[in-house]
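Following: one structure in structure tokens, then a few remarks.
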Amino acid sequence: MATVNSPMRGIFYAAPSPDEPPFVKEGQKVSKGDVLCLVEAFKMFNEVEAEQSGTIVRCLVENATEVDGDQPMFEIKLD
């Protein structure tokens, strides 16, 4: 089991816009390079990508909430 941590302090967004589905859901398989979420910092939206392939076990952050740099956002079971 591993975590995907925020690369910076900002606002966590699970989806590209409020009326679209989230990038990932619990139980979903992801591949290295897949976009998992956005972190907005200084009015710029930064894509957070999976660094390894695996399955999303749990999202640890609520949508549109603040995250700190290096804060765990997802638990992922690695392949």
Side-chain angles (χ1 to χ4, degrees):
M1 190 84 67
T3 60
V4 176
N5 299 343
S6 178
M8 65 198 71
R9 184 179 185 139
I11 306 297
F12 169 88
Y13 292 104
S17 70
D19 54 342
E20 291 189 45
F23 289 105
V24 295
K25 297 179 183 176
E26 292 178 2
Q28 180 177 335
K29 286 193 147 292
V30 295
S31 299
K32 182 178 180 177
D34 287 352
V35 176
L36 304 178
C37 65
L38 299 174
V39 175
E40 178 189 8
F42 301 107
K43 307 250 183 213
M44 293 192 61
F45 290 89
N46 303 280
E47 292 182 342
V48 177
E49 298 178 350
E51 293 180 3
Q52 296 177 307
S53 297
T55 302
I56 300 296
V57 175
R58 188 164 58 132
C59 180
L60 304 171
V61 187
E62 298 223 11
N63 190 49
T65 58
E66 188 171 330
V67 291
D68 286 324
D70 209 34
Q71 177 179 337
M73 299 184 297
F74 296 96
E75 285 182 350
I76 185 169
K77 182 180 178 191
L78 302 177
D79 286 344

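All residue numbers refer to positions in the sequence shown, counting from 1.
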Inset, instruction - Rounded to the nearest 0.5 Å, what's the gap from NZ on Lys32 to CG on Leu78? Could you check? - result: 12.0 Å

Inset, instruction - Mind listing the closest non-hydrogen atom pair of Val61 and Gln71 along with its distance? - result: CG2-NE2, 4.1 Å

Legend entry - Donor-acceptor under 3.5 Å (Thr55 side chain, Gly27 main chain): no

Inset, instruction - Taking all heavy atoms of Ala15 and all of Phe23, pick out the closest pair and write down the distance. - result: C-CE1, 3.6 Å

Inset, instruction - Apply side chain to side chain contact (heavy atoms under 4.5 Å, CB included) to Val48 and Phe74, showing your working. - result: CA-CA 11 Å; Val48 177; Phe74 296 96; 5.9 Å; no

Legend entry - Donor-acceptor contact present, side-chain Glu26 to main-chain Cys59, <3.5 Å: yes

Inset, instruction - Identify the heavy atoms of Gln52 and Ile76 that sit nearest to each other, and give their distance. - result: O-CD1, 4.0 Å

Inset, instruction - To the nearest 0.5 Å, tell me how far Asp68 CG sits from Asn5 CG. - result: 11.5 Å

Legend entry - Test side chain to side chain contact (heavy atoms under 4.5 Å, CB included) applied to Leu60 and Glu75, step by step: CA-CA 7 Å; Leu60 304 171; Glu75 285 182 350; 4.0 Å; yes

Inset, instruction - Please report the closest heavy-atom contact between Pro16 and Pro21, naming both atoms and the distance. - result: CD-O, 3.6 Å

Inset, instruction - Determine, stepwise, if the pair Phe12 / Ser6 fulfils side chain to side chain contact (heavy atoms under 4.5 Å, CB included). - result: CA-CA 9 Å; Phe12 169 88; Ser6 178; over 6 Å; no

Inset, instruction - Please name all residues satisfying side chain to side chain contact (heavy atoms under 4.5 Å, CB included) with Glu49, sequence neighbours left out, ordered by chain then number. - result: Val35, Glu47

Inset, instruction - Grab the two heavy atoms, one from Met8 and one from Ala41, that are nearest each other, plus how far apart they are. - result: SD-CB, 3.7 Å

Legend entry - Set of side chain to side chain contact (heavy atoms under 4.5 Å, CB included) partners for Lys25, sequence neighbours left out: Pro22, Gln28

Legend entry - Exam field: side chain Asp34 to backbone Ala50, donor-acceptor pair closer than 3.5 Å: no

